[in-house]
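Note sheet for the following structure.
Reckoned from all heavy atoms, side chains included, excluding hydrogens, waters and symmetry mates. For clarity, every value in this text was computed on a predicted model and none was experimentally measured.
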Amino acid sequence: MIELERVSRVYVKNGERICALREVSLTVAAGEYLSVIGPSGSGKTTLMNILGCLDRPTSGTYRLLRRDMGRLRPQEAAAVRGRHIGFVFQSFNLIPHMTACENVELPLVLRGEAARSRRERALAALERVGLAERSSHRPAELSGGQQQRVAIARVLAADPELILADEPTGNLDGVSVREIMEVLRELNREGRTLVMITHDMELAKRADRTLRMANGEII
């Protein structure tokens with residue numbers, strides 16, 4: 001599913017060149033569960049941004065589903081994100097004034113899906129994560145664990161092949177961590193590819209494979 005060939009990402013800040021990724025080569029098979037660990041500044045988030053088509057390599061090649069992402073125009077990359085990639089972030093990234101159901105519907109709205117269809121899919125996704133009765137609640141009326149489950153329901157409704165999770169349990173208590181990880185693992189068992197950044201070694205060990213990063217390299 002994922003192929004990186006000698007991918008580097010260089011930023012220029014205050015006239016100084018900062019190499020966030022250094023010739024990273026990586027393959028991830030369809031259906032694999034991969035965890036990525038490493039200290040702050042090791043390149044984990046830069047790698048995730050490139051995998052999610054939120055950023056482009058300075059050099060090297062990134063192929064997703066055998067398509068060269070570096071050759072896509074911005075609107076084409078956005079279409080790939082909308083169809084094939086789901087994101088789960090530490091900060092949940094829910095829209096405060098929208099209900100849980102409306103938040104889950106959002107990627108389907110951006111796809112242009114019909115209102116009745118997207119509402120049905122959103123409610124089914126919320127039911128699957130155990131929040132059907134909270135569909136009309138806004139984020140401020142939900143616990144942290146419930147907000148993260150809404151974020152996962154948003155991914156479920158969009159039905160992507162690839163899920164990118166950036167510290168998805170970082171703001172949660174122990175019970176919520178177990179609940180969220182079980183949902184993500186279930187999605188992976190169904191065949192979706194899961195790439196997760198985490199600082200929690202116990203969570204990392206549950207993956208099929210773990211990458212350790214430092215100084216922009218896989219070590």
Short side-chain to backbone donor-acceptor contact, Asn103 and Met98, under 3.5 Å
yes

Determine which pairs satisfy ring pair (Phe, Tyr, Trp, His ring centres under 6.0 Å) with at least one residue from residues 68-88, sequence neighbours left out, and list them in order.
Phe87-Phe89

With sequence neighbours excluded, tell me which residues meet side-chain hydrogen bond (donor to acceptor under 3.5 Å, both in side chains) with Ser117.
Glu113

Pro39 to Met213 - nearest heavy-atom pair and separation:
CD-O, 3.5 Å

For Arg118, enumerate each residue passing the side-chain hydrogen bond (donor to acceptor under 3.5 Å, both in side chains) test, keeping only those at least two apart in sequence or located in another chain.
Glu105

Excluding sequence neighbours, so at least two apart, what forms side chain to side chain contact (heavy atoms under 4.5 Å, CB included) with Glu120?
Arg116

Please name the residue in the list Thr193, Ile152, Leu194, Asp159 that meets the side-chain contact (heavy atoms from CB on, under 4.5 Å) test with Leu187.
Ile152

Less than 3.5 Å apart, any donor N or O on the side chain of Asp173 or Ser176 sitting next to an acceptor on the other?
yes

Under a 3.5 Å distance rule, please check whether Glu3 uses its side chain to pair with a backbone N or O of Arg66 as donor and acceptor.
no

Cationic N near anionic O, under 4.0 Å, Glu186 to Arg128
yes

Can a salt bridge be assigned to the pair Glu182 and Arg189 using a cut-off of 4.0 Å between side-chain N and carboxylate O?
yes

Please lay out, stage by stage, how Leu164 and Val88 fare under the test side chain to side chain contact (heavy atoms under 4.5 Å, CB included).
CA-CA 6 Å; Leu164 302 177; Val88 182; over 6 Å; no

Can you tell me if Ser25 uses its side chain to pair, donor with acceptor, with the backbone of Glu5 under 3.5 Å?
no

In terms of hydrophobic clustering (I, L, V, M, F, W, Y; side-chain heavy atoms under 4.5 Å; direct or indirect links), are Leu123 and Leu142 co-clustered?
no

Would the number of heavy atoms belonging to other residues, nucleotides or ligands and lying under 6.0 Å from CG of Asn215 be above 12?
no

Residue pair Ser8 / Thr58, side-chain donor-acceptor N/O under 3.5 Å
no

Taking Gln146 for the side chain and Ser143 for the main chain, is one N or O donor matched with an acceptor at less than 3.5 Å?
yes

Salt bridge check, Arg138 against Glu141: does any charged N sit closer than 4.0 Å to a carboxylate O?
no

Residue that, paired with Val183, satisfies side-chain contact (heavy atoms from CB on, under 4.5 Å) out of Val129, Val155, Asn188
Val129

Given 3.5 Å as the limit, does a donor-acceptor pair link the side chain of Tyr62 with the main chain of Leu51, or not?
yes

Do any pairs count as a salt bridge (Lys or Arg N to Asp or Glu O under 4.0 Å) and have a residue in residues 36-60, sequence neighbours left out, and if so which ones?
Arg9-Asp55

Mind jotting down which residue pairs meet the salt bridge (Lys or Arg N to Asp or Glu O under 4.0 Å) criterion with at least one end in residues 208-219? Sequence neighbours excluded, please.
Glu32-Arg209, Arg185-Asp208

Verify the distance criterion only: is there a donor paired with an acceptor across the side chains of Asp200 and Thr198 at less than 3.5 Å?
no

